[in-house]
Amino acid sequence: MRPRRSVGAMRRIKTRVCIAGGGPAGMMLGWLLARANIEVVVLEKHGDFLRDFRGDTIHPSTLEIMAELDVIEGLLALPHQKAPVLSAMIGDLKIPVADFRSLPTRCGYIAFMPQWDFLDFIADQARPYPGFALMQSAEVTGLVVEDGRVRGCEARTTDGRLEVRADLVVGADGRRSTVRAEAGLQVEEKGAPMDVLWFALPRGPDDPEEALGRFIAGRILILINRGEQWQCGLVIAKGTFDAVRSRGLERFRRDLAGLLPFAKEQAEAITDWDQVKLLSVQVDRLRTWHRAGLLCIGDAAHAMSPVGGVGINLAIQDAVAAANLLVGPLRSGAVGDSDLARVQKRRAFPAHVTQAMQIAVQRRVIGGVLGSDEPLRPPLPLRLLARFPLLRRIPARLVGIGVRPEHPDPVFRA
C-alpha cells in the first residue's frame, strides 16, 4: 500500500457501496444496487462521459439485460446503427462471419451507439433513486485501509479532497485501475501482438452500410458505421506507431485508400496526427479479484483485447453477477470474503475462456496477417463459414451472447 498523504482539509461521507469508475461496469452496478435500495456512490474522474473512440458496441446479451430491466425502448430511441451480420473481407472476398438474427434474444443484432450516450442513459435511469449518487470530476487516488480491511477510498475532486467510507469498495476503473494497484492485487499479463489506431472518416452516400473487417497482407482495418462517420480501427504491430508517424500523413492516407478504395476522398479528412488516437492493446487479469472490503470487476479485473468488441459486454455481465450475488449480503449488513470470492468464481471462467479465444485469434490470425507480405487466402474456418451459413451461428453466439450470460434477479426488475 502506498502511504496516505494528509495535506489540506478533507471532506468525508459514508455510503454502503463506493464504486470507483463510471464506465459500463461501474454505472451498471451502481444502477442495479440503487434499484434494490442499496445506497451507492459512483466516483468518476472525468466531468462527463464525452470521450470518443471507446467501445461503442452493445451486444445482444447487453440489450437483453436492458429489456429485462424494462428500459430497452428508451435505449433504442437513442441514435444507433444495427448490425445483424458481421463480415470480413479477405483480399477482395467478402465473408459473412457472424449472423446474430438467429440468437434466442429479443434483439438479433449488435447496436453501435456512442458509449457516452449509453452511459448517460444509465445515469439518467439511476438518478431518480434516492440512494444513488454519481460524483463526476472525482478521481480515486487511494484506499482507506484499517485492520487489513478496505474501509473506503480517497478521491481528488474539484471541491478538494474527499474520503468516502463504505462497507464495500468496487474497483471498476478500467485497465489502468488505481484501485487494483493500491490494493496490491497481482496482475497476470497475457500480452498482445498489436495496437490499434482509432480515427473517424466521413461516410459517403454510396458507402456500404454494414460494419466490416478488411484484411490484406500486412494490414487490418475495422470499420464501424456511426451514421455520418466511419469509426475506424487500423491494427498495427505492437509498438510501431512511431514508425507509422515517421512515414508521414500522406503515406498514412495513401495506405488507407489502398485498404478502402471507396473511401479514397474520405481519407483526405485526416489532416493532423491529433485525429489519430493510439489504443495500446493489453490483455491481463487478476489472480484474485478481491481482498477484504474490496472487489474488482470489468477491465480492472480482466483487461480484454478488442477482438470481437466484447469488453463492454463482459463488464456489464460482471456488474449483473456482482449485483445478483452481493445484494443479499449488503442488505444483511455484512459482505465477507466468501461473498466476493463467489463473484470471481462466477465470472472468472467466462473471462478466461474469452481471453483464450482472443489470444488465439491474435496469434494465429492477426499476427499472421500483420507479418505477411503475400496475398491472403481465407483460412479454413472462414471458408467453411462462407460455404455453410448455419455455421455462422457459432461465432454469433460467442460474440453476441458469450460464455455464461447473466440476467438480473427479480429483485432488480421491480
Mark yes when over 12 heavy atoms from residues, nucleotides or ligands other than Asp147 sit less than 6.0 Å from its CG; otherwise mark no. no

Any idea which heavy atoms bring Ile401 and Pro104 closest together, and the distance? CD1-CD, 4.0 Å

Tell me, do Phe132 and Val42 make a side-chain contact under 4.5 Å, heavy atoms counted? yes

Distance-only, no hydrogens or angles: does the Arg404 side chain make a donor-acceptor pair with backbone N or O of Arg346 under 3.5 Å? yes

Quick check against the 3.5 Å criterion: does Arg151 have a side-chain atom that pairs as donor or acceptor with the backbone of Arg165? no

For the CG atom of Leu295 and the NE2 atom of His290, what is their distance to the nearest 0.5 Å? 8.0 Å

Between Arg175 and Gln282 (side chain of the first, backbone of the second, donor and acceptor by atom type, cut-off under 3.5 Å), is there such a pair? yes

Show, in sequence, the C-alpha distance, side-chain angles and deciding distance for Val310 and Leu398, and conclude whether the side-chain contact (heavy atoms from CB on, under 4.5 Å) test is met. CA-CA 9 Å; Val310 297; Leu398 293 173; over 6 Å; no

Any side-chain to backbone donor/acceptor pair from Asp339 onto Gly336? Under 3.5 Å, distance only. yes

Have a look at Gln344 and tell me which of Leu286, Thr288, Ile297 forms a side-chain contact (heavy atoms from CB on, under 4.5 Å) with it. Thr288

Test Arg347 against every option in Gln317, Glu406, His352 by the side-chain hydrogen bond (donor to acceptor under 3.5 Å, both in side chains) rule and name the one that passes. Glu406

Find the distance between OG (Ser246) and CZ (Arg251) and round it off to the nearest 0.5 Å. 9.5 Å

Salt bridge (charged side-chain N to carboxylate O under 4.0 Å, His left out) contacts in which one or both residues fall within residues 350-366, not counting sequence neighbours: none

Between Thr57 and His59, does a side-chain contact (heavy atoms from CB on, under 4.5 Å) hold up when you go through it step by step? CA-CA 6 Å; Thr57 57; His59 288 216; 3.4 Å; yes

Kindly list each side-chain donor-acceptor pair under 3.5 angstrom involving residues 15-31, sequence neighbours excluded, with atom names and distances?
{"residue": "Thr15", "atom": "OG1", "partner": "Glu39", "partner atom": "O", "Å": "3.4"}
{"residue": "Arg16", "atom": "NE", "partner": "Asp167", "partner atom": "OD2", "Å": "2.6"}
{"residue": "Arg16", "atom": "NH1", "partner": "Leu330", "partner atom": "O", "Å": "3.2"}
{"residue": "Arg16", "atom": "NH2", "partner": "Leu330", "partner atom": "O", "Å": "2.2"}

Quick one, Arg106 and Glu68 - any side-chain contact, counting heavy atoms below 4.5 Å? yes

Is there side-chain contact between Leu197 and Val235, with heavy atoms separated by less than 4.5 Å? no

Check whether any side-chain N or O of Asp195 sits under 3.5 Å from a backbone N or O of Lys238 as a donor-acceptor pair, and report yes or no. no

A side-chain contact here means heavy atoms from C-beta on lying under 4.5 Å apart; do Phe199 and Lys277 qualify? no

Write down the atom of Val169, the atom of Cys153, and the distance for their closest heavy-atom approach. CG2-N, 4.4 Å

Go through the structure and list residues passing salt bridge (charged side-chain N to carboxylate O under 4.0 Å, His left out) with Lys45, not counting sequence neighbours. none

Under the salt bridge (charged side-chain N to carboxylate O under 4.0 Å, His left out) test against Asp284, which residue among Arg180, Arg176, Lys190 passes? Arg180

Working to the nearest 0.5 Å, report the span between CG of Leu78 and CZ of Phe118. 10.5 Å

Please say whether more than 12 non-hydrogen atoms of neighbouring residues, nucleotides or ligands are located less than 6.0 Å from CD in Glu189. yes

Do the numbers put Arg245 on top of the ring of Phe241, so that NZ or CZ is under 6.0 Å from the six-membered ring centre and no more than 45° off the axis? yes

So for atom CD, which belongs to Glu228, do other residues, nucleotides or ligands contribute more than 12 heavy atoms lying within a distance under 6.0 Å? no

Is there a side-chain contact (heavy atoms from CB on, under 4.5 Å) between Asp299 and Leu314 once you walk through the steps? CA-CA 9 Å; Asp299 273 1; Leu314 265 290; over 6 Å; no

For residues Gln275 and Thr271, is any side-chain donor paired with an opposing acceptor at under 3.5 Å? yes

Atom CD1 of Ile95 and atom CE of Met89: how far apart are they, to the nearest 0.5 Å? 10.0 Å

List for me each residue that meets side-chain hydrogen bond (donor to acceptor under 3.5 Å, both in side chains) alongside Gln125, sequence neighbours excluded, and say none if there are none. none

Between Gln136 (side chain only) and Glu44 (backbone N and O only), is there a donor and an acceptor less than 3.5 Å apart? no

Taking atom CZ of Arg397 as the centre, does the number of heavy atoms from other residues, nucleotides or ligands within less than 6.0 Å exceed 12? no

Do Thr240 side-chain atoms and Ile236 backbone N/O form a donor-acceptor pair below 3.5 Å? no

Donor + acceptor pair across side chains of Ser305, Gln362 (<3.5 Å): yes

With distance as the sole test, does Arg413 use its side chain to make a donor-acceptor pair with the main-chain N or O of Pro408 at under 3.5 Å? yes

Distance-only, no hydrogens or angles: does the Thr105 side chain make a donor-acceptor pair with backbone N or O of Cys107 under 3.5 Å? yes

Atom of Leu43, atom of Ala155 and distance for their closest heavy-atom approach: CD1-CB, 4.1 Å

If you round to the nearest 0.5 Å, how far is CG of Leu201 from CD1 of Ile270? 5.0 Å

Please examine the side chains of Ile224 and Trp230, heavy atoms only from C-beta on, and report whether any two atoms are closer than 4.5 Å. no

Residue set satisfying ring-ring contact (aromatic ring centres under 6.0 Å, His included) with Phe121, at least two apart, ordered chain then number -> none

ring-ring contact (aromatic ring centres under 6.0 Å, His included) pairs, two or more places apart, involving residues 293-338: Trp289-His302

If you count the non-hydrogen atoms of other residues, nucleotides and ligands that lie under 6.0 Å from CD in Glu268, is the total more than 12? yes

Taking the side chain as C-beta and beyond, is there a heavy-atom pair between Ile58 and Ile312 under 4.5 Å? no

As an exercise, state the distance from CZ of Arg156 to CE of Met10, rounded to the nearest 0.5 Å. 11.0 Å

Check: Gln355 side chain, Ala303 main-chain N or O, donor-acceptor pair, under 3.5 Å: yes

From CA spacing to verdict: side-chain contact (heavy atoms from CB on, under 4.5 Å), Leu294, Leu168: CA-CA 6 Å; Leu294 180 141; Leu168 175 66; 5.6 Å; no

With a 4.5 Å heavy-atom cut-off, do Asn324 and Phe412 have their side chains touching? yes

Give the minimum heavy-atom separation between Arg291 and Gly148, together with the two atoms involved. NH2-O, 3.3 Å

Closest approach of Asn313 and Gly309, non-hydrogen atoms and distance? ND2-O, 3.7 Å

Closest approach of Cys296 and Val179, non-hydrogen atoms and distance? SG-CG1, 4.3 Å

Does the side chain of Val411 reach to within under 4.5 Å of the side chain of Arg331, using non-hydrogen atoms? yes

For Arg226 and Gln81, test the side chains for any donor-to-acceptor distance below 3.5 angstrom and give the result as yes or no. no

